[in-house]
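See structure below.
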Amino acid sequence: QVQLVESGGGLVQAGGSLRLACAASGGTFSSYTMAWFRRAPGKEREFVAAISRTGDTTKYTDSVKDRFTISRDNARTTVYLRMNRLKPDDTAVYYCARGRYVLGVTPNTYDYWGQGTQVTVSS
């Protein structure tokens, strides 16, 4: 079975940086779009970023597009999210997901999910 495991979350001061990683096992990693979603306290799960099979195309939600960078290493079956200039509004549980649609932005276009990693940004 496919398993996705996130890491790299933690506590950080506003303006700081973190790099999240999602390690995948099982399945054929390079055949799928990979994405990051997040769920802030009291809010629905929302799209953050996605990256195509080869890594040549990416998509970001407006609130992060100038600060976050998604990348993937197909040889290591790992997807990353570099987060710079973090804000308190970025506080959320971050999830990685495997997609069955090209750069999908809705949760129902993804078939496997990690357990999430907590990111907390203090002001």
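Here the structure is a predicted model, which means the values were calculated and not measured.
- Other residues, nucleotides and ligands contribute over 12 non-hydrogen atoms within 6.0 Å of the CZ atom of R100.
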Item to complete: Quick one: do E46 and R39 satisfy salt bridge (Lys or Arg N to Asp or Glu O under 4.0 Å)? Show the steps, please.
Response: CA-CA 6 Å; E46 69 170 345; R39 184 157 59 198; over 6 Å; no
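- With salt bridges taken as basic N to acidic carboxylate O contacts below 4.0 Å, one links K65 and D62.
- There is a path of hydrophobic side-chain contacts, each under 4.5 Å, that joins V121 to L20.
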Fill in: Verdict with supporting geometry, I51 and T33, side chain to side chain contact (heavy atoms under 4.5 Å, CB included)
CA-CA 6 Å; I51 187 166; T33 291; over 6 Å; no
Worksheet item: Yes or no on side chain to side chain contact (heavy atoms under 4.5 Å, CB included) for R72 and T78, after CA distance, side-chain angles and deciding distance?
Response: CA-CA 6 Å; R72 68 191 295 163; T78 301; over 6 Å; no
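- Note: Q3 CD to Q115 CD = 8.5 Å, rounded to the nearest 0.5 Å.
- T61 places no side-chain N or O within donor-acceptor distance of the main-chain N or O of V48, the cut-off being under 3.5 Å.
- Within the 4.5 Å cutoff, side-chain heavy atoms of R85 are placed close to those of D66.
- A donor-acceptor pair under 3.5 Å is formed between the side chain of K59 and the backbone N or O of L103.
- Y32 carries R98 over the face of its six-membered ring, with the cationic atom under 6.0 Å from the centre and within 45° of the normal.
- Separation of atoms OG (S25) and CD (Q1) is listed at 7.5 Å; rounding is to 0.5 Å.
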Worksheet item: When you look at R67 and D90, which way does the side chain to side chain contact (heavy atoms under 4.5 Å, CB included) test go after all the steps?
Response: CA-CA 11 Å; R67 300 183 294 120; D90 295 318; 2.7 Å; yes
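- Here the shortest heavy-atom pairing between T77 and F29 reads CA-CD2, 3.6 Å.
- Using the six-membered ring where Trp is involved, Y110 and F37 have ring planes that are perpendicular, over 60° apart on the 30 and 60° scheme.
- Neither V93 nor W36 shares a network with the other; the hydrophobic side chains, linked directly or stepwise wherever heavy atoms of I, L, V, M, F, W or Y lie under 4.5 Å apart, form separate groups for each.
- Both F68 and L18 are members of a single hydrophobic cluster when ILVMFWY side chains are connected at heavy-atom separations under 4.5 Å.
- With hydrogens and angles left out, the side-chain atoms of R19 and Y80 include no donor and acceptor closer than 3.5 Å.
- Remark: the backbone N or O of T91 is not paired with any side-chain donor or acceptor of T120 at under 3.5 angstrom.
- Under the 4.5 Å side-chain heavy-atom criterion for Ile, Leu, Val, Met, Phe, Trp and Tyr, Y95 and M34 are members of distinct hydrophobic clusters.
- Going from atom CD of Q118 over to atom CD of E6 covers 12.0 Å, rounded to the nearest 0.5 Å.
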Worksheet item: F47 and R38: side chain to side chain contact (heavy atoms under 4.5 Å, CB included), yes or no, with the steps?
Response: CA-CA 7 Å; F47 172 79; R38 66 186 180 186; over 6 Å; no
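- Enclosure of atom CD in E44 is not indicated, since only 12 or fewer non-hydrogen atoms of other residues, nucleotides or ligands lie within 6.0 angstrom.
- Using modelled atom types, one finds a donor on one side chain and an acceptor on the other under 3.5 Å when comparing N84 with S17.
- L86 and L81 end up in the same hydrophobic cluster when Ile, Leu, Val, Met, Phe, Trp and Tyr side chains are linked at under 4.5 Å.
- Checking side-chain atoms of N74 against main-chain N and O of R53 turns up a donor-acceptor pair under 3.5 Å.
- Note that the CG atom of D73 and the OG atom of S30 stand 11.5 Å from one another [nearest 0.5 Å].
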